[in-house]
Amino acid sequence: MGKSYKKFWKLGKKEFNTQIFDINKDDELIIREGNYQYNVFDLIKRFGSPMEIFMPFILEERLNHLFDIFSKRIKETKYRGKFYYHYPMKVNQNKEAVLPLVSEGAHLEVGSANELTLVKRLWESDSMHTKIRVLCNGPKTKAYVDLIFAMQEKGLRIVPIIEDLEELNLFKEFKGDLGIRINLETKVKSHWDKKFDRFGLSVDEIIELGKIRNLKILHYHIGSQIERGADIISAIKDAFKYYQKLALIHPSLDTIDIGGGFAVPYEKKSMYEIEGLSRSIINTLKKLSEKAELPHPNLIVEWGRYIVAPAQITVFKVVSGKKVPNKNRRWYVIDGSFMNDLLDTWALHQKWHIVPINHLSANKRNLVWLAGLSCDSDDAYTAGGGYILLPRLDDLDPGEDLFIATLDTGAYQDALASHHCLLSSPVKIVLQNGIVTIARKRESPEEIGKLFGW
Ligand SMILES: Cc1ncc(COP(=O)(O)O)c(C=O)c1O
């Protein structure tokens with residue numbers, strides 16, 4: 001019985017990143033870390049809801065898998081360039097996310113002076129290997145530029161990525177390696193494929209560019225959650241044309257940074273996978289560079305959500321239910337907020353996979369829309385007008401509550417979180433090596449008041 005419900009809720013499947021989830025004999029959700037297991041229902045009893053559960057062991061597994069796959073591809077194709085992973089800090093700047101990745105061998109990418117300030121703290125406390133490399137993207141304010149120069153002087157391998165022609169002047173005297181970002185004209189299927197992209201130098205500017213001292217990296221970022229693997233390959237082919245042109249006058253140029261964009265199967269539908277895509281990437285780069293009679297370039301990827309999203313789930317209690325007027329749906333009101341704590345639900349109609357935490361084997365279910373606790377009618381999750389299936393509240397025992405988990409919430413949501421209606425952010429716990437720690441306490445009404453000057 002448990003087995004078929006596991007399949008029904010799409011748990012235990014590697015291709016959906018749900019291989020860590022299972023259902024125990026009491027119909028409750030469990031999380032496995034190797035042979036250790038955590039009972040999510042018990043965690044709620046200990047720490048309450050709403051709650052974020054962060055799992056660094058997943059980050060470590062995913063990053064190591066990425067390294068293994070690319071090293072395998074490099075070996076089997078006799079590729080002579082190197083593979084580097086730079087973790088884009090914007091995806092999740094929390095210490096519990098950044099440190100495990102650095103410790104597994106990630107380099108870093110930052111997008112602001114404040115993110116670089118966190119790197120500075122790691123550097124000054126002697127907590128980082130000196131070989132780590134930091135790429136600096138984003139528009140360069142004076143504070144950002146000054147910090148880049150200061151960190152370079154302290155010996156950090158820091159690479160400013162030039163965003164526009166003016167920045168070229170700012171870094172004229174820079175002694176280390178430089179990168180340059182190109183605004184490719186390739187179109188990909190993604191929410192972020194804007195008609196007018198504002199990042200990087202235009203293709204024409206790149207073509208007309210004179211010689212840049214110490215140019216090492218050609219970078220682009222073409223969008224996040226790219227829906228088709230083939231688009232990632234088209235972008236590489238497009239970028240290579242400019243790499244080839246630049247390489248003619250810049251012997252120091254030896255690296256292509258393809259940015260972020262690898263998608264996460266949030267909706268638990270099949271999509272492209274790393275095994276196949278890594279093969280196409282390396283084969284493409286090999287063919288293009290050999291045809292151009294250039295050395296195989298080093299490859300940098302900055303895939304953020306791919307590594308981080310599956311490392312967190314967000315847990316809510318259902319506090320009440322009612323019928324949606326004139327529609328075969330029921331509202332389930334949760335004790336947290338989509339608008340505050342899973343903000344992309346509101347901002348870009350992000351879809352999530354939502355599963356019950358208890359009563360996983362209930363065979364009678366409602367078609368449900370979820371409503372957040374704030375007063376805002378936009379604070380809801382309707383699966384894009386569809387529905388989610390959840391156990392019927394009428395079937396619960398008196399005094400019993402239904403809990404639900406939103407999967408894959410590790411990327412971007414924390415830094416975007418807000419305090420509409422002065423709701424408290426969820427408590428955040430971390431699971432690692434069988435030990436449960438609190439990373440962020442539940443905010444008290446007084447603490448929230450303080451944020452607003454009370
Ligand atoms: C320059 C750059 N690199 C990497 C990323 C990470 O993208 P993703 O999380 O889609 O992999 C972003 C996201 O906006 C970005 O702007």
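Counting from 1, the numbers follow the sequence of the chain as shown. Note that ligands are numbered from 1 as they come in the structure, with each ligand's atoms numbered from 1 the same way. Because the structure is predicted, anything quoted here is derived from the model rather than measured.
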*Can you tell if the side chain of H191 reaches within under 4.5 Å of the side chain of Q225, non-hydrogen atoms only?*
no
*asked:* Keeping N92 on the side-chain end and G410 on the backbone end, is there a donor-acceptor pair under 3.5 Å?
replied: yes
*Against heavy atoms of W303, which atoms of ligand 1 measure under 4.0 Å?*
11 (O)
*asked:* If the cut-off is 4.0 Å to any non-hydrogen atom of P88, which atoms of ligand 1 fall inside it?
replied: 4 (C), 6 (C)
*asked:* In the structure I gave you, are the side-chain heavy atoms of S224 and R305 within less than 4.5 Å of one another anywhere?
replied: yes
*Compute the minimum heavy-atom distance from Y306 to ligand 1 and say whether it is under 4.0 Å.*
no
*Would you kindly say whether H65 and E275 are connected by a side-chain donor-acceptor distance under 3.5 Å?*
yes
*Quick one: does G304 get an N or O within less than 3.5 Å of an N or O on ligand 1?*
yes
*Report, in ascending order of atom number, the atoms of ligand 1 lying under 4.0 Å from any heavy atom of R305.*
8 (P), 9 (O), 10 (O), 11 (O)
*Ignoring hydrogens and geometry, is there a side-chain-to-backbone donor-acceptor pair from T345 to Q350 under 3.5 Å?*
no
_Can you confirm, on distance only, whether ligand 1 has an N/O atom lying under 3.5 Å from any N/O atom belonging to H219?_
no
_Per-atom contacts, ligand 1 versus E302 - under 4.0 Å to a heavy atom_ = 1 (C), 2 (C), 3 (N), 4 (C), 5 (C), 6 (C), 11 (O)
*Quick one: does M55's side chain get under 4.5 Å of Y38's, heavy atoms only?*
no
*Within the structure, does R181 bring an N/O atom to less than 3.5 angstrom of an N/O atom in ligand 1?*
no
_Main-chain N/O of S425 paired to E443 side chain as donor or acceptor, under 3.5 Å_ = yes
_Which residue and heavy atom of the protein sit nearest atom 5 (C) of ligand 1, plus the separation_ = H221 CE1, 3.5 Å
_Protein heavy-atom partner closest to atom 16 (O) of ligand 1 - residue, atom, separation in Å_ = K90 NZ, 3.3 Å
*Just checking, is any N or O donor in the side chain of H420 or D376 under 3.5 Å from an acceptor N or O on the other one?*
yes
*Numbering the atoms of ligand 1 from 1, which are under 4.0 Å from a heavy atom of N137?*
1 (C)
*Side chain to side chain, F54 and N94, heavy atoms closer than 4.5 Å*: no
*asked:* When you measure from the heavy atoms of Y412 to every atom of ligand 1, does any distance fall below 4.0 Å?
replied: yes
_Selection from A411, G260, S224 by shortest heavy-atom distance to atom 10 (O) of ligand 1_ = S224
_Under 3.5 Å: N/O of G261 near N/O of ligand 1_ = yes
